[in-house]
Amino acid sequence: MKLTVYSYDFEYKVENGQVFVYSYCKQPNGSKIVVKHQHPVFFYASLENVDVNEFKRRLDQLTIGQIPWPAKVLNYEEAALELKGQIKPFLKIYANYPKAVPLLAKEIQNWGIECLEKDILFIHRYLRDAGIIPMTQITVEGTLDPNTNILMAAAVEPSELKPSELKSRKDWKILALDIETYSKHREIDFQNNPILMVGLYGANFAKVITWKKFDTADREIEFAASEKELLERTAEYIRQFSPEILAGYFSDGFDLPYIHARCIINKVNFSIGDSFSIGNSGLIVRKSSASRSTEVKIIGIAHLDLFKFVKQIFGLDLKVESFNLDAIAEKLLGLKKQSVNLDKLFYSWDHSPVDLEQFCRYNLHDARLTYLLTEKLLPEMIEFGIITGLPLFDVTRMRFSRLVESYILKRAISRKVIAPNRPGDQEISERMNESIQGAFVYEPKPGLYRDLAVFDFRSLYPSIIASHNLGPESLYCSCCKNKTIPDQPYWFCQKNKAFLPSLLAELINRRIEIKKQIKEASGQDKTVLEAQSYALKILANSFYGYLGFYGARWYSLESAASTTAYARYYIKDTIKKAEESGFKVCYSDTDSCFLLLGGKSVTDALQFKDSINQSLPGNMELNFEGYFPRGLFVAAKNQDKGAKKKYALLKEDGSFKITGFETVRRNWSLLAKEVQREVLRFILQDQTDKALAYVRGAVKDLKKGIMPLEKLIIKTQITREISQYKVVGPHIFVAHKMIAKGQSVSPGMVVKYIIGKGSGLVRERARLPSEIKEGDYDYNYYISHQLIPAVSSIFLVLGYSEEDIFKESSQKGLSQFH
DNA sequence: ATTATCCGGGG
DNA sequence: GTGTACGGATAAT
């Protein structure tokens, strides 16, 4: 029979000396099926300077170990493949099972023969070789065993669509899971503290199970008799729901390992995965020895840890303080967690079960947030899967280097490129000690400026790498020795497009295409296109970092150094040409430059941009970011030069853009944040007098004692056990008071306090907001430690000293504009 | 300044 | 599982 299916999870098994991949798939009608497909195991050995016949003879006799079978070479064939830009001879060596590969390769390397592609995961190899892209359509042909639901495939064909046309399906069954546990002092103790609740959330499904009975009308709450039964019931619900995707938030590090541990203690068989193929249908907790990270695999279900994906990939430009569920749900969904005092959960459990209902709601709400996040991010995860060819399980756990490398590996096959080996320990430490010159920064002269035109190079680094053919394969070719890089001793081939830069060029062009399509798309199509564009952007932007990453197979520090060298060259050249055209430059960093129009018009600036663009190669392009009537650059601490990446711009529509000012930091009072923001606003609007009046008004209110207390609260996080602090800052002092009052204080919590009136050290005057009366704060502290640091550097630019602002109304006005 | 360690997420 | 690990902030010689 011939079927069309969508694969979402993969595993392999060795049966009677043959290696099979099990692909867990969904059919168009929604039912599931397992596709079993045989695939060869192989790796390569270099034949350079090797006596091939002697080598083959030794391979024929090679046998290593006994468990589970002796590792053996089944077959071999010679192949010519490209390594670092040169075609070289290799022997493709077939092994009897995947784990045999490292054994055989190690032995062969002992013979002095280099082995390659010996550490590529078998599943990944299979997916790439077969051209299968997880979550998208494949065609399979074979015979189905109705008892096991396994289709033994004679052939598995990937979709005939081009990558840009590939579509996943919209009806993946997602189930999100979250647990609550017993915890007296916020400790996490798998061994001693039971799981109290499990929340499950999916489409048309919401359930929270607990094992302490209380009266409730809530039909979504369900009671089990014990933790053991809770675990059994949870497994049963998951089996019934039968999700393709099981999602959690930090479920690799918490929820699933916790469930796993409690199942062992309670002797529960948490069998939610597939039982026919691999034999292990429970949670497979993989703890890696070197790092403290764990992964939990379930055969036949794609377990996604949303936290890992957000933390490592998606959160890149999210601008959040923390990657906890509350912050991420707020940012991406506009939804907060429910606020309950979890410190009281154990008490309610032991003494007051009637209070447990709110915790159940809280638990289910977290599961719901996780579900919504999964739904929201699934298009992006699927696109990363399409680009890299990796299962979603891997996609959600990868980092940038893995993203780039998987993309390269996938495309290496069709171009007959062999992957260079990963660096060894020695090589890694050597690479870690190397460094390159970074970006060019033109430091701003502090001041308030008029009429700025801001330009930047669109994806500067990727376009440089692609346009100038930078990469390990094109380095030091014999034909282009005379074409060196600005200030660098390197050269790269200009005749033949090298492997890496050509991949990057392909990416850039594909993204340009997609951006065009987005303009005409709507609805779900648009969502998918935007996810594609996003994934391509992230990938393209990661190439530069990859080339200089010590763990990269295609490491090339020369290429990375040349990329920044070109970037410095282009931005400096732009600055030079701008000055020649009569503009003044006030600031520039990496890929952007801020020009002063100085009487010229925006049209002149646009003309200048066009003339620059005519001289640029390839995909490189200078963009007009915008015209800004005012721009403020303040001085770096204790220095005359301007601070980098710290400025405020006024837009034409009156709104403004602030970069680098510390207004967002937690340990500033609301007062400082507000005053800083207002002062910036007034100054950008040329209302320096109002800015002054505003600050002075705040000072006056402070002194009068009428400043609302909530604007004076300072928040500081407790980062360790209180007893561990050697230096007692104000927050620790307050923490001691809280403990004295019987409140629990532990690492991670944020202490709020206000500095009160009185004498002595600052910390001795730190009060809990609840124990201070209106007006009883120390206004001197707030003036000198909050207001002055927040605004003095801003006023300094305009020629006002601290005294001018904070002493009685002295008048002073220096030249406002440069 | 440079090196070691701790922590993130989770209850 | 054909596998190896991070990276930023903060504290400590």
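In what follows, chains carry the letters A, B, and so on, assigned in the order in which the sequence lines appear, proteins first and then strands, with residues in each chain numbered from 1.
Nucleotides B:dC7 and C:dT13 have their P atoms positioned 16 Å apart, rounded to a whole Å. A gap of 25 Å separates the C1' atoms of C:dC6 and B:dG11, to the nearest Å. C:dA12 and B:dA1: their C1' atoms are spaced 13 Å apart (whole Å). Rounded to whole Å, the separation between the P atoms of C:dA5 and B:dG8 comes to 24 Å. Using atom C1' as the reference point in both C:dA11 and B:dG9, the two lie 22 Å apart (nearest Å).
Set against B:dG11, B:dG9, C:dT2, the side chain of A:I188 has B:dG11 as its closest nucleotide. Nearest to the side-chain atoms of A:N324 among the listed nucleotides C:dC6, B:dG11, B:dG10 stands B:dG10. When distances run from any side-chain atom of A:R399 to the nucleotides C:dC6, B:dG11, B:dG10, the shortest one goes to C:dC6. With distances taken from any side-chain atom of A:V101 to the nucleotides C:dT2, B:dG10, C:dC6, the minimum falls on C:dT2.
A salt bridge is absent between A:R422 and A:E427; no separation between the charged side-chain nitrogens and carboxylate oxygens falls under 4.0 Å. By the 4.0 Å N-to-carboxylate-O rule, A:R397 lies too far from A:D305 to be salt-bridged with it. A salt bridge does not link A:E357 with A:R361: every distance from a Lys NZ or Arg NE/NH1/NH2 to an Asp or Glu carboxylate oxygen is 4.0 Å or more.
Using a 4.0 Å heavy-atom criterion, one finds that A:Y44 contacts no nucleic acid atom at all. No contact: A:K308 has no heavy atom under 4.0 Å from any strand. Among the heavy atoms of the strands lying under 4.0 Å from A:P102 are primed sugar atoms or P, OP1, OP2 only; no base atom is included. A:R397 comes within 4.0 angstrom of no nucleic acid atom, judged by non-hydrogen atoms across all strands. A:D178 comes within 4.0 angstrom of sugar-phosphate atoms only, judged by non-hydrogen atoms across all strands, and of no base. Within the nucleic acid shown, A:F122 comes within 4.0 Å of at least one base atom, counting heavy atoms only. Using a 4.0 Å heavy-atom cutoff across all strands shown, A:D119 reaches at least one base atom of the nucleic acid. Here A:L325 lies in heavy-atom contact (under 4.0 Å) with sugar-phosphate atoms only. Using a 4.0 Å heavy-atom cutoff across all strands shown, A:I179 reaches sugar-phosphate atoms only and no base atom.
In this structure, C:dT13 makes no Watson-Crick or G-U wobble pair, since no nucleotide meets both defining distances under 3.5 angstrom. Both distances falling under 3.5 Å, in either a Watson-Crick or a G-U wobble arrangement, place B:dC6 opposite C:dG8.
Dashed line: the shortest gap from a side-chain N or O of A:S322 to OP1 or OP2 of B:dG9 is under 4.0 Å. Between A:Y12 and the phosphate of C:dT2, there is a side-chain N or O to OP1/OP2 separation shorter than 4.0 Å. When the side-chain nitrogen and oxygen atoms of A:Y182 are compared with OP1 and OP2 of B:dG10, none of them lie within a distance under 4.0 Å. Within the 4.0 Å cut-off from OP1 or OP2 of B:dG11, at least one side-chain nitrogen or oxygen of A:K337 is found.
With respect to A:S406, the side-chain contact (heavy atoms from CB on, under 4.5 Å) criterion is satisfied by exactly one of A:D394, A:T388, A:L539: A:T388.
Put simply, the side chain of A:T294 gets close to the backbone of A:D252: a donor and an acceptor are under 3.5 Å apart. Side chain of A:N363 to main chain of A:D178: a donor-acceptor pair is present (N/O by atom type, distance under 3.5 Å, no hydrogens or angles).
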